[in-house]
Amino acid sequence: MDLAQSSVEEWLDSHPDDMQDYFLRHADVTLVNKWLVAHGFNQLPDFPAPIRNSSLTNLRYTYSFSNESSNPSSPVDTRCNDSGFFDSSRHQRSNSKKHLRHDYARSKKRNIFRTYEPNGGESTLESRRNSLKEMRQFRSLPPTSVNLLSMLIQSKVRLPRYPSKDIDHKRELKETNEKEFFLEIVKDISNELDLKSLSAKIVANVSCMLDADKVSLYLIEGKAAGKQVLVSKIFDLHAGTSIFPSCTGDIRVPWGQGIIGHVAETGETVNLKDAMKDPRYNDELGKITGYQTETLLCMPIRNADNEIVGVAQALNNNKEEGFTQEDEKMLATYLTFCGIGIHNAQIFDAYSKEYDRNRALLEVVHDLFTEQTSVDHVVLKIMQRAQSLLKCERCSLLLKDKESNSENAFDKIFDLAYPMKNGHSGNSDRDSSLRVTSKIAELVLLTGETINITDASQDPRIEHEDETVKGIRTRSVLCKPVRNRHFQIIGVAQVINRIDGLPFDDHDDLLFEAFAIFCGLGINNCQLYEQVSLAAARQAVALEVLSYHASVPQEEVLKLKEKKLPDIQELKIMEFTFNDFSLDNDQMMQASVIMFNDLGLSKKFRIEYETLCRWLLTVRKNYRNVAYHNWRHAFNVCQVMFTILKHCQCKNYLTDNETLALTVACLCHDLDHRGTNNAFQQKSSSALSQLYGTSATLEHHHFNHAIMILNSGGTNLFGNLGSEDFSEVTKLLKQAILATDLSLHIQLRSKFFAMVDSGQKVFDDRESKEIVRSVMMTTCDIAAITKPWEVQRKVSELVITEFFDQGDKEKHELNIQPQACMDRDRQDEIAKLQLAWIDGICLPLYKSLVQLDSAFQPMLDGLLDNRSRWERLDAERLSKHAILETGV
Ligand SMILES: Nc1nc2c(ncn2[C@@H]2O[C@@H]3COP(=O)(O)O[C@H]3[C@H]2O)c(=O)[nH]1
Ligand SMILES: [Zn+2]
């Protein structure tokens, strides 16, 4: 066991990268804390209270949990009071010096950063293997959009990692072949794009080159924002600056401080034989660690544009004369290469950050599309992503109270704390950290302006009394309005305290702006979705109510079912001269049953008698009580179809499915007609035109209504049809009902006329059959014009009554002038209009039908008779008119 342990340790020692990788992936905050305690870093700056009465008072620390392994969803408690680790007792503080000294002594013994790869190219192989493993991992997952997106936005860029030569090898080379040595250390850094590794390599190489005991490297950050600071990426304790390492290895030196600051600011090289005597030298750390600095060489690093990008400092080369001119020259030359390398690595770093940002925003977009059902879900997801990207202690969203009279009241608050509290929504009163910043949120809600408070202790708008009670300290706040798609403010998004202790910068502002927009969009989508769901539910309820009223009581069904059917001859329904008004309601029902039976439909399609009765009664009930487009019209249309099927040739070309579809279509073709035509639906922007569009608006509705009836309980006439027949009959039914749109007939009829003119008598191809069926529907629909004069006169009155009602609506409700045939003020022109109707639509149709099949002759005869009647009436009107005008 012990042996295994020692071999494990040995392996870990020889594989520092793997060990570090394992640590980064598996270490939790407790372990990090333990590590920090063990290494003497037992104070956190500003968390929770500044250090007072200590010899370290003027030391500036910056602790950051912001390295790539930090994840806001991990339960990191930055206050760490539970463990007592950050307890600010004096005892702990005085111990810290001891730890620090101890650690420093140890750090001298070994390289903290290994600057070479003991096993050559293995790491490149390993990274390739890892990336393959990741791909396999994604590929093995089921293909959900999340997995596909993850795969797509996986960075395919792998950092080149070139192994450094052993430090001893470099030293040897330096002794034997200085030129080779120099080439080696330039090559060493030329391909390194990771800033941290690059810094470590430069430090190691400069140390070797100058025989310096300690080398440090600082890079300038925050130049663009005008807040310059010198940052060291590597963990490297040394004396000479008032700095302290952070737990990520980032060390920050304020601008202009110490020799490093001076060199960065002026660009001068500083070469000292006795650094401690220089007034710029600040030896706070030296006092603690006991490290004595003697010789010092500090030089600026410039990029290709000659701008200073950093500073390198070497200490103690243990030579009496200090660092020589030769050393200076060599360092200057080497730093020229380092400057280019650093510049490239910084650009790469900026691109990586941008990549991360875009990736996070893409993920938010994905969330937005997948989470549309609940505001809570979408907001929480976006906030989690915002918090993970902005790395802040708290992220909240406060939604405006729409009901409240007050302009700055919130009714829903989402709050995500760090460590993750699994965001909750509710009353903010219980939460003091929200209360201290709610004034800011109210202000943002009122003004619509972003507020970025970089130092909350100096801001009067933050109520600090609450903080002392709860032990929470607001250091910085970034607060933004959240708007809907109409740019109205619907809430406020707020982030508090960056984890690294720095204030929110312009970059954060921009990023948070994107999140606020996403939040607004997400909420908007969810609200729309909720509205649609609500409307759908409302519609479902309305349909339920309607279908209850549209259905027929069972007694009525039984009554019809049990009533003896009269003789078909008695009803005279097999004649073209059938009187549309001869049957009463019950007789029309019975006549319909007889037609189904006589055509053999009931038998062929195994339609149960009770189902047929219920269906017929239901269809009748679903016609409105309008003047013309009512149940009687539907019945009369069906009667004509029946007569045609009984007397004309076309029956021979129709299949049973077609006969069934045409019969059902006649009875259903005007279902739920409201007494107004398609043009009116369009002009009034009725719900029907919105639902079905402007082409065959009503006809689509009639068809859908027919399907609805067929689908409701006990009325499925097609219930015993096989699936193929069922879908064919439904399709034929749709075609037939849509064909009753007169404008479609006008488009189609020329084809029919051409077919008849060409002498075609047999219709067995798909297209001509469809044309014939459509023409048959119109033939029946307008057949009242062919009926005996008394019937025609009565029907035309009903048609005109409905027309005039629509005309009245157009005049009074839509404020438009109706067509002549719908204008009540022109009722004396009826005969003229009927003549136009006959000549324009009816006569060409019935003439062509007779040409096709002489069995249609009675229809044409009736039509011509009615024409002469209308002609006479029109002539009478004209002569009356002439008498009135001339007085003769
Ligand atoms: N002018 C006129 N139009 C008619 C007459 N009979 C039917 N129609 C029209 O023919 C149309 C056929 O389709 P619709 O049932 O939608 O509406 C009908 C009426 O607009 C009529 O006697 N005179
Ligand atoms: Zn009709």
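All ligand and atom numbering here is 1-based and tracks the order in the structure. Residues: numbered from 1 along the sequence shown. No experiment lies behind these values; they were computed from the predicted model shown.
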Determine which of the N, O or S atoms in Asp781 is closest to the Zn ion (ligand 2) and give its atom name.
->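 When I compare the N, O and S atoms of Asp781, OD1 is nearest to the Zn ion (ligand 2).
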Would one find an N or O of Glu699, backbone or side chain, under 3.5 Å from an N or O of ligand 1?
->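 Min N/O separation from ligand 1 is not below 3.5 Å for Glu699.
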Working for side chain to side chain contact (heavy atoms under 4.5 Å, CB included), residues Glu724 and Glu728 = CA-CA 6 Å; Glu724 265 181 40; Glu728 197 199 353; over 6 Å; no
Using a strict 4.0 Å threshold on nitrogen-to-oxygen distance, state whether Glu790 and Arg793 make a salt bridge.
-> yes
Does a side-chain N-to-carboxylate-O contact under 4.0 Å join Lys880 and Asp828?
-> no
If the cut-off is 4.0 Å to any non-hydrogen atom of [X], which atoms of ligand 1 fall inside it?
X      : result
Gln834 : 1 (N), 2 (C), 21 (C), 22 (O), 23 (N)
Asp670 : 15 (O)
Thr740 : 13 (O)

Close approach of Asp781 to ligand 1, heavy atoms, under 4.0 angstrom | yes
Provide, to 0.1 Å, the distance between [atom] and the closest protein heavy atom, together with that atom's residue and name.
atom                    : value
atom 16 (O) of ligand 1 : His629 NE2, 3.8 Å
atom 9 (C) of ligand 1  : Trp837 CH2, 3.5 Å
atom 11 (C) of ligand 1 : Leu742 CD2, 4.1 Å
atom 19 (C) of ligand 1 : Phe803 CZ, 4.0 Å

Scan Trp615, Phe596, Phe718 and name whichever one has a side chain to side chain contact (heavy atoms under 4.5 Å, CB included) with Ile607.
->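 Among Trp615, Phe596, Phe718, the one meeting side chain to side chain contact (heavy atoms under 4.5 Å, CB included) with Ile607 is Phe596.
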The Zn ion (ligand 2) reached by His669 (N, O or S, under 2.8 Å) =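 So His669 counts as coordinating the Zn ion (ligand 2), yes.
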Are Arg483 and Phe487 in a cation-pi contact, defined as NZ or CZ under 6.0 Å from the six-membered ring centre and within 45° of the axis?
-> yes
Can a cation-pi geometry be assigned to Lys787 and Phe578, taking NZ or CZ under 6.0 Å from the six-membered ring centre and within 45° of the ring axis?
->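 No, cation not above the ring by the 6.0 Å, 45° rule.
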Once the angle between the rings of His633 and His629 is folded into 0 to 90°, is it parallel (under 30°), tilted (30 to 60°) or perpendicular (over 60°)?
-> perpendicular
So the angle subtended at the Zn ion (ligand 2) by His633 atom NE2 and Asp670 atom OD2, rounded to 10 degrees, is 90°
Nearest 0.5 Å please: distance from the CE atom of Met589 over to the CG atom of Asp584.
->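 One finds 10.5 Å between CE of Met589 and CG of Asp584.
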